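Keep in mind that this is a model prediction, so the values were computed, not measured. When a ligand or atom number is given, it counts from 1 through the structure's own listing order.
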Amino acid sequence: MATTVRSLHFFIVLFTSVKLLALAEGEAQFIHNGFQGASLHLGGIAKIHTNGLLQLTNTSKQQIGRAFFPFPLKFNTSSSGDSRSLSFSTIFAFAIVPEWQTLGGHGIVFTIAPSMDFPGAVASQYLGLFNVSNNGLSSNHVFAVELDTILSPDLKDTDGNHVGVDVNSLDSRVSAPVTYFSNEEGKNKSLELISGKTMQVWIDYDDVQKLLNVTVAPLKSPKPSMPLLSTPIDLSSIFLESMYVGFSSATGAMASDHYILGWSFNRGGEAQSLEISELPSLPPRKKERKTLILITLLSLITVVIVLIMLMGAGYIIRKMKFDELREEWEGEYGPQRFSYKDLYKATKGFKDRELLGAGGFGKVYRGRLPSSNLEIAVKKVSHDSKQGMREFVAEIASMGRLRHRNLVQLLGYCRRRGELLLVYDHMPNGSLDKFLFSNEKPSLTWPQRYHILRGVASSLLYLHEEWEQVVLHRDVKASNVLLDANLNGRLGDFGLAKLYDHDTNPQTTHVVGTVGYLAPELSRTGKATSSTDVFAFGAFMLETACGRRPVELQGYPEGGVLVDWVLECWKRGAILLTSDPRLEGNYVAEEMELVLKLGLLCSSPIPAVRPSMRQVMQYLNGDAPLPEIPRNFSSMGTFGANSEESAEVIMSFPSSSGTTTVRSFSSSNSILNQGR
Ligand SMILES: *[C@@H]1O[C@H](CO)[C@@H](O)[C@H](O)[C@H]1NC(C)=O
Ligand SMILES: *[C@@H]1O[C@H](CO)[C@@H](O)[C@H](O)[C@H]1NC(C)=O
Ligand SMILES: *[C@@H]1O[C@H](CO)[C@@H](O)[C@H](O)[C@H]1NC(C)=O
Ligand SMILES: *[C@@H]1O[C@H](CO)[C@@H](O)[C@H](O)[C@H]1NC(C)=O
Ligand SMILES: *[C@@H]1O[C@H](CO)[C@@H](O)[C@H](O)[C@H]1NC(C)=O
């Protein structure tokens, strides 16, 4: 290490011999606006950055850093008068960047000393110049100006931010807290050495006046017109013939980065001002670096939090979107439970494009289950009540076990808040009423209609008698009969009517069904029976044969109630007149008559007169002869004489029957009353 320094020294001597001579002549001056390529004797941990910044110490503890002009200044101390001049002037720019914002350690000391080496010198408050035993010895011949950032009581410091003039000792001869006189404002302003800001120091010694001035100011400020310290001092007793000039710096338990940015020195007169624009810049402040890291970290954390929140929100939205009601008791219906997500995907998000129809109970969407590719129809029923849900789901589950080729298979269900979704087999041909009453579908032939009637009758028989328990459909009508690909009639929506029972106040009895299909006793008692299903089936038979709705507001020759009209024609012996004109007479007359008469029988206001579904089946199959309709047969009271005082009626109108307003309902009611 020592040899390296020495050989470097030798090299520098050769390189800067011109300057050496100049200095020897007493006119010497030098200026370093940054120390790039500068010849300096570095000691301790001092180093020069590639940008020319001289760093005396870093924030490592108990370290010393020194930098000296490598050639001695020659002073002829024994002479007197003009030939002897100890005057000098120097300017340097420095910065002290403490490790901790408010605590620096220890400082920089501008030094003129007999040697560039300080054997035995220690760090911390001795600033790399002395140790406890040689501090203050007159044999030291050291002159120094300290920039001290620590109050060291043992050295009689005045405060932790002072400038001191030291002779042979770090017990300053004079010292002052760091201030500068602002020429502009005409007053002293304080300066914080450890602010990390670059400042300039001017040290001027006039050997004639024996006056030493020390001035400090922020980098960009001009030299204050008043020095911080102006103290008489005779350096002739201190300086030896050969003196070295430079800086020492030290850290202690506390540490700062100590930097020198530029240095100008002149023995002959005032030192040349530093070229501030040429000074190297300081590395980004640790604090700034820390702040930067902190900011980066914070923004990262923020981004992460925002992401998490977005994901959370997404998750919540997704969860809300696919949120279901699922209760413990539903566990046993697991296999019939569909996830809303699956149904959502199957129906492409319940897009209107997938809408198959909208009826009294809700909207029906077409869908295709992604897992099985099975075509389904999803019925969305709004349902707000928890009341009876358990029983209802139980029923749905048991209905899911119903198997009949003339029933629309219920595949399962899903529950959401305020919504019930029922999943059925998709019936590609839609509902029968579209074929019967609208021109959008071709008219069905008589054999097709007869086939459908028998099919639906057999499914109703299955529900009433052939399954393990009696299932009442409660809403048999053409719009609830769906046609599969082979135009087989399939009864759908069985038991669904009950949903309204469950959904309503149990104190009031509601009658569920559709106007024109409601048995009179149903609106009186509110009690559905297999016989009330038969009544509705009668109306269904009539509408299928006649191609007319059970109740129409206009266009009826006789009032507007189909059964009354058929009965009227039957009484006149002209029942076939009522057959659907769209058949254009293409039907088997016996079958037509059978269906019309059976329809009348089923429409009897007296439940006992109505056949059972088993009998209906037998008549339709020709296994039993249809009993004669009594001459006094009447369809009177179809809607019940006391419908106002009887239970409240919830009715759904056939969806395509046009003006289904409350007003038209009451007017149709009055038509019925007139017909009665
Ligand atoms: C200070 O400098 C010395 C010598 O270059 C180095 O070993 C040490 O790691 C540095 N310390 C810091 C805190 O940078
Ligand atoms: C110092 O000055 C004295 C008197 O002025 C002179 O005699 C002597 O030679 C000088 N010494 C040097 C080394 O310049
Ligand atoms: C102080 O430094 C001197 C050399 O300058 C040395 O002889 C002495 O032992 C040192 N004292 C201590 C206490 O380190
Ligand atoms: C030192 O400061 C005093 C007071 O401001 C001034 O009169 C004197 O000329 C200054 N001396 C030098 C060498 O700057
Ligand atoms: C400014 O500070 C200097 C040195 O400490 C002092 O001599 C001077 O009186 C102060 N001036 C004012 C205006 O406070």
Side-chain angles (χ1 to χ4, degrees), residues 1 42-50 53-67 85-91 97-100 105 113-142 145 154 163 165 168-170 174 176 179-181 183 186 188 201-217 222-235 248-259 265-271 273 283-287 289-290:
M1 175 79 188
L42 299 181
I45 62 168
K47 64 170 184 174
I48 294 172
H49 291 245
T50 46
L53 179 67
L54 169 60
Q55 179 166 15
L56 295 173
T57 76
N58 58 22
T59 52
S60 283
K61 312 281 186 270
Q62 305 290 351
Q63 296 298 320
I64 296 168
R66 296 193 197 96
S85 178
L86 304 181
S87 298
F88 71 92
S89 167
T90 189
I91 305 173
V97 184
E99 185 179 19
W100 309 104
S115 163
M116 294 189 285
D117 298 318
F118 298 81
V122 296
S124 64
Q125 70 263 44
Y126 294 103
L127 297 174
L129 292 185
F130 308 117
N131 63 25
V132 68
S133 48
N134 66 9
N135 185 42
L137 297 182
S138 56
S139 59
N140 287 338
H141 290 283
V142 171
V145 175
D154 54 331
V163 172
V165 175
N168 295 329
S169 164
L170 286 167
V174 286
T179 61
Y180 74 101
F181 183 78
N183 299 342
N188 286 339
V201 178
W202 292 261
I203 300 169
D204 300 295
Y205 178 66
D206 185 341
D207 193 29
V208 177
Q209 286 183 299
K210 304 267 185 286
L211 191 64
L212 178 80
N213 288 353
V214 180
T215 313
V216 184
K223 183 180 181 182
S225 56
M226 299 236 297
L228 170 63
L229 287 172
S230 184
T231 185
I233 189 167
D234 186 357
L235 293 179
S248 181
S249 175
T251 64
M254 301 294 166
S256 304
D257 289 316
H258 292 101
Y259 298 107
F265 186 89
N266 189 1
R267 277 198 62 187
E270 221 178 313
S273 295
R285 281 201 65 172
K286 278 237 183 67
K287 190 181 130 243
R289 247 180 296 167
K290 276 179 186 163

* To do: Kindly indicate, with the supporting measurements, whether the criterion side chain to side chain contact (heavy atoms under 4.5 Å, CB included) is fulfilled by Asn131 and Tyr126.
  => CA-CA 6 Å; Asn131 63 25; Tyr126 294 103; 5.5 Å; no

* Asked: Do Asp257 and Thr59 meet the criterion of a side-chain donor-acceptor pair at a distance under 3.5 Å?
  -> no

* Asked: Who are the residue neighbours of ligand 4 when the rule is a heavy atom under 4.0 Å from any of its atoms?
  -> Asp204, Asp206, Leu211, Asn213, Pro227, Ser230

* Show your reasoning for whether side chain to side chain contact (heavy atoms under 4.5 Å, CB included) applies to Ile64 and Thr57. => CA-CA 7 Å; Ile64 296 168; Thr57 76; over 6 Å; no

* To do: From the options His258, His49, Lys47, select the one residue that forms a side-chain hydrogen bond (donor to acceptor under 3.5 Å, both in side chains) with Gln55.
  => His49

* Proximal ligand 3 atoms for Ser133, defined as those under 4.0 Å from one of its heavy atoms -> 1 (C), 8 (C), 10 (C), 11 (N), 12 (C), 13 (C)

* Asked: Yes or no on side chain to side chain contact (heavy atoms under 4.5 Å, CB included) for Asp207 and Leu235, after CA distance, side-chain angles and deciding distance?
  -> CA-CA 8 Å; Asp207 193 29; Leu235 293 179; 5.8 Å; no

* Asked: Between Pro119 and ligand 3, does any nitrogen or oxygen pair lie at a separation below 3.5 Å?
  -> yes

* State whether the shortest distance between N or O atoms of Thr59 and N or O atoms of ligand 1 falls below 3.5 angstrom. => no

* Taking atom CD of Gln62 as the centre, report whether more than 12 heavy atoms of other residues, nucleotides or ligands fall under 6.0 Å from it. => yes

* Got a second to check how far Asn140's CG is from Ser115's OG, nearest 0.5 Å? -> 11.5 Å

